[in-house]
**Q** 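Structure below; questions to follow.
Model, not experiment: these values are computed from the prediction.
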Amino acid sequence: MTDEKIIIYQVLPRLFSNMCNSCVPNGSYARNGAGKLNHFTPKVLQEIKKLGANYIWYTGVIEHATKTDYSKYGIEPDNKYVVKGEAGSPYAIKDYYDIDPDLAEEPLSRMQEFEALVARTHEAGLKVVLDFVPNHVARRYHSDVAPEGVEDLGAHDNKEMHFSPSNNFYYIPRQAFTPQFYIGDGDDRYFEYPAKATGNDCFGAFPNEYDWYETVKLNYGVDYTGGHRCCFDPIPDTWYKMLDILLFWCEKGVDAFRCDMAHMVPVEFWNFAISRVKESYPAVLFIAEIYDLALYRIYIEKGKFDYLYDKVGLYDKLKGILCYQISAAQLTYCWQAVEGIGGNMLNFLENHDEQRFASDQFAGDAFKAIPALVVSSMMSTGPMMIYFGQELGEKADDAEGFSGRDGRTTIFDYWSVPTVRQWYDGGRCSVTKLTNKQKKLRNLYKTILNIARKEPAIVRGTFFDLMYVNGENRRFNPHRQYAFLRKYGNELLVIAVNFDNRPVTLGINIPQHAFDYMKIYPGEYDADELIAGDTATQTLSPHEPFVCSLSEYGAAVWKIKLKNFSLRDTEKIKKYKNILK
């Protein structure tokens, strides 16, 4: 049984510590610069930990295709026409066994700098999450530092066959790669013959600019042109190669893998790989990025994943509520849809794929995130993840280059994140350059995340949704408010949030069934509100509403130490019910 809830701090090292305050769109590495792994000093890591994190996901650490020329370090240059942005996509992996040279102060020592980062992270009391990108690689994949005896992907492929279970890639025989956009002329031209299938399951030679044209699809033994025929016996060569990669990074001290687009790889592979990794590294966690609710249970039960993104469940509902598109009452469906596996759901409000909460394209105000933050971090026992700068109200207001001004923080460009740059402050991690609003927001995140990480009722307690008894409650608007209980031992949390733009005083009905199910004894109790630090005497009764005041876009977590009575003592219960009447 765990003592803490998992709180993951996702950070893109290339951007995190970059102090350039005059970046230009589409700027080169030489012009705009890049953050470094060495910039994650003990001071930085301790401040991230104080925020509430116990895991840190270093995003974009493995070597990927880029327009920056590192040939003097023995790294083969990439063709600029099949690289997105100047820096390149962290998900166009060029060498599974290497570290991105952008992130090293001494590129020749890039692996040693990563190993030192892992050691510092562990010394700070944090665990390391690393990307594992199994579905696709850069169009020119080549490992120049693979361990002895490791052969490159595609080294022995039969390129005359569109599909073979022994091939690592899919091919379009006798056709050159001819995308629907310019790829150069003469010696400058990108040339690929025969063409390989593109990463987003584009099995032709003619991808367009909206396809994942910078990547090629890996072959796990599924014949997509033959009715999704599976050829898993004998075990495909790709399975063994990818298992070796996972074990390589486990040996480096990685504690968890965030597995990119896991549902695009057959679940049978995950069963094979995760089971074998855990034979040697039982504590290593696997987190799946999955966007199909129908696949959740199979990827947990058969695939052996520890956690899954709940993007198409809770995240989408919270976004809809905050954009006034759906009712808060629909949050009940979120936990019902994953009942029995709710503790396997990883929740978030921002990541590198999604728009920033404070962006003009989303909510426009970082403080509107507070009710969503409380719900997503406290509804279940599963992990919570935040994206660097989220706690500072980063708006992603820049048009960085390839990304454009889309409300997202770029993953393709060399850039610096304004709010993070203010806080990082050359490694001082100081709030002195933050505005009063930024300081207030960061303190709210710090308080809420630490409540979620430490409170036993949230870490391992039971959950009870209160919406079904408050739908016709005049002192509760189920379209703009949400309330639930969490309980562990003799501690009860009454949690309520307000998605509305005006303050409210709620009278929350708590049904008799909640008292029976959670073994709560009615009465008056001294209670502490954990976010604001208030104290009050609160009444717990199935006959009298629980009173709770909330600010606009506010939240409250009332903690109550229950009396040590058992619901089996029916005489005491009957007597107390009569007193309340």
Side-chain angles (χ1 to χ4, degrees), residues 6-8 10 57 200 210 258-264 287-300 305 307-387 390 394-396 406-409 411 448 452 463 465 467 477-484 495 497-501 553 555:
I6 292 175
I7 307 291
I8 301 172
Q10 182 193 1
W57 169 16
N200 60 321
Y210 301 107
R258 179 269 187 188
C259 301
D260 185 70
M261 302 305 288
H263 59 289
M264 297 183 75
I287 302 164
E289 179 190 25
I290 288 185
Y291 296 126
D292 186 343
L293 187 62
L295 296 177
Y296 279 14
R297 293 179 192 275
I298 190 171
Y299 272 73
I300 291 169
F305 274 99
Y307 303 109
L308 312 179
Y309 271 31
D310 195 18
K311 195 274 181 193
V312 295
L314 187 61
Y315 171 85
D316 283 350
K317 286 289 190 294
L318 288 168
K319 186 172 185 178
I321 293 164
L322 285 153
C323 294
Y324 286 83
Q325 296 167 343
I326 62 174
S327 166
Q330 290 200 33
L331 290 173
T332 298
Y333 170 76
C334 293
W335 65 261
Q336 289 176 334
V338 295
E339 194 164 14
I341 58 170
N344 300 100
M345 296 296 107
L346 180 147
N347 297 327
F348 60 87
L349 299 179
E350 291 186 8
N351 63 40
H352 64 278
D353 287 318
E354 307 300 338
Q355 291 170 328
R356 290 287 192 173
F357 208 98
S359 70
D360 293 339
Q361 292 85 348
F362 191 173
D365 181 351
F367 284 92
K368 292 182 180 179
I370 298 305
L373 178 67
V374 168
V375 170
S376 56
S377 65
M378 299 187 190
M379 176 186 272
S380 76
T381 60
M384 178 66 191
M385 181 175 76
I386 66 165
Y387 193 36
Q390 178 182 338
E394 173 58 37
K395 292 178 65 69
D406 60 1
R408 296 173 176 84
T409 293
I411 65 170
I448 290 166
F463 166 86
D465 191 311
M467 298 301 281
N477 180 356
H479 302 305
R480 303 309 300 164
Q481 283 104 45
Y482 185 70
F484 58 97
I495 302 173
V497 302
N498 178 26
F499 294 101
D500 216 344
N501 59 3
Y553 301 108

**Q** Ignoring hydrogens and geometry beyond distance, is a side-chain donor-acceptor pair present between D310 and Y296 at under 3.5 Å?
**A**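 Yes, side-chain donor-acceptor contact under 3.5 Å.
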**Q** Quick one: does H479's side chain get under 4.5 Å of I321's, heavy atoms only?
**A**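 A side-chain contact is absent here, since even the closest heavy-atom pair is not under 4.5 Å.
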**Q** Can you find a pair of side-chain heavy atoms, one from Y324 and one from N501, that are under 4.5 Å apart?
**A**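 They are in side-chain contact.
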**Q** Can you check side chain to side chain contact (heavy atoms under 4.5 Å, CB included) on N344 and L308, steps first, answer last?
**A** CA-CA 6 Å; N344 300 100; L308 312 179; 5.5 Å; no
**Q** Could you give the distance from OH (Y482) to CD (Q330), rounded to the nearest 0.5 Å?
**A**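 Here the interatomic distance stands at 12.0 Å.
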**Q** If you look at every heavy atom in L346 and I287, which pair is closest and at what distance?
**A**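 Distance-wise, the nearest heavy atoms are CD1-CG2, 3.9 Å.
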**Q** Y307: which residues meet the ring-ring contact (aromatic ring centres under 6.0 Å, His included) condition with it, sequence neighbours left out?
**A**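 Residues passing ring-ring contact (aromatic ring centres under 6.0 Å, His included) with Y307: none at all.
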**Q** Do you know which two heavy atoms are closest between I7 and A452, and how far apart they sit?
**A**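 For I7 versus A452, the nearest heavy atoms are CD1-CB, 4.4 Å.
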**Q** I'd like to check N351 versus Y315 (side-chain heavy atoms, cut-off strictly below 4.5 Å). Are they in contact?
**A**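 They are not in contact (no side-chain heavy atoms under 4.5 Å apart), so the answer is no.
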**Q** May I ask you to check whether over 12 heavy atoms, not counting those of Y333, lie within 6.0 Å of atom OH?
**A**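 Not buried by this count: 12 neighbours or fewer within 6.0 Å.
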**Q** Look up atom CG in L295 and atom CZ in F305, then write down how far apart they are to the nearest 0.5 Å.
**A**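 Atom-to-atom, L295:CG and F305:CZ are 11.5 Å apart.
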**Q** Show every salt bridge (Lys or Arg N to Asp or Glu O under 4.0 Å) that has at least one partner inside residues 312-331, sequence neighbours left out.
**A**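 Those involving residues 312-331 are K311-D316.
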**Q** Determine the minimum heavy-atom distance between N347 and S376, stating which atoms define it.
**A**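 N347 and S376 have their closest heavy atoms at ND2-O, 3.0 Å.
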**Q** Can you give me the closest heavy-atom contact between I290 and A262, atom names plus distance?
**A**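 It is CG1-CB, 4.2 Å.
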**Q** Work out which heavy atom in M345 is nearest to a heavy atom in V338; give both atom names and the distance.
**A**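 Residues M345 and V338, closest heavy atoms: SD-CG1, 3.9 Å.
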**Q** Please say which of E350, E394, Q390, Q361 ends up in a side chain to side chain donor-acceptor pair (under 3.5 Å) with R356.
**A**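 Of E350, E394, Q390, Q361, side chain to side chain donor-acceptor pair (under 3.5 Å) with R356 is met by E350 alone.
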**Q** For residues F348 and Y387, establish whether the separation of their ring centroids is below 6.0 Å.
**A**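 Ring centres of Y387 and F348 not closer than 6.0 Å.
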**Q** Over 60° means perpendicular and under 30° means parallel, so classify the ring planes of F463 and F484, tilted if in between.
**A**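 Ring orientation of F484 relative to F463: tilted.
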**Q** Report the distance from atom OG of S377 to atom CE of M385, rounding to the nearest 0.5 Å.
**A**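 Spacing of OG (S377) from CE (M385) equals 13.5 Å.
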**Q** Going from CG on D353 to CD1 on I411, what distance comes out if it is rounded to the nearest 0.5 angstrom?
**A**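 Here the rounded value is 6.5 Å.
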**Q** To the nearest 0.5 angstrom, please state how far the CE atom of M264 sits from the OH atom of Y291.
**A**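 Output value for this atom pair is 11.5 Å.
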**Q** Check whether any side-chain heavy atom of L331 lies under 4.5 Å from a side-chain heavy atom of M467, and answer yes or no.
**A**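 Result no, sub-4.5 Å side-chain heavy-atom pair not found.
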**Q** Please name the pair of heavy atoms, one in A372 and one in L322, separated by the smallest distance, quoted to 0.1 Å.
**A**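 Closest pair (atom of A372, atom of L322, distance): CB-CD1, 3.8 Å.
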**Q** To the nearest 0.5 Å, what is the distance between CE (M384) and OG1 (T381)?
**A**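 Going from CE on M384 over to OG1 on T381, the span is 14.0 Å.
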**Q** Under a 3.5 Å distance rule, please check whether R480 uses its side chain to pair with a backbone N or O of A328 as donor and acceptor.
**A**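 Not at all, since once roles are kept as given, no pair shorter than 3.5 Å links the two residues.
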**Q** If the test is ring pair (Phe, Tyr, Trp, His ring centres under 6.0 Å), which one of F367, Y553, F362 qualifies with F357?
**A**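 Output: one option passes, namely F362.
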**Q** Hey, are the side chains of M378 and I448 touching, using non-hydrogen atoms and a 4.5 Å cut-off?
**A**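 Yes, close enough: below the 4.5 Å cut-off.
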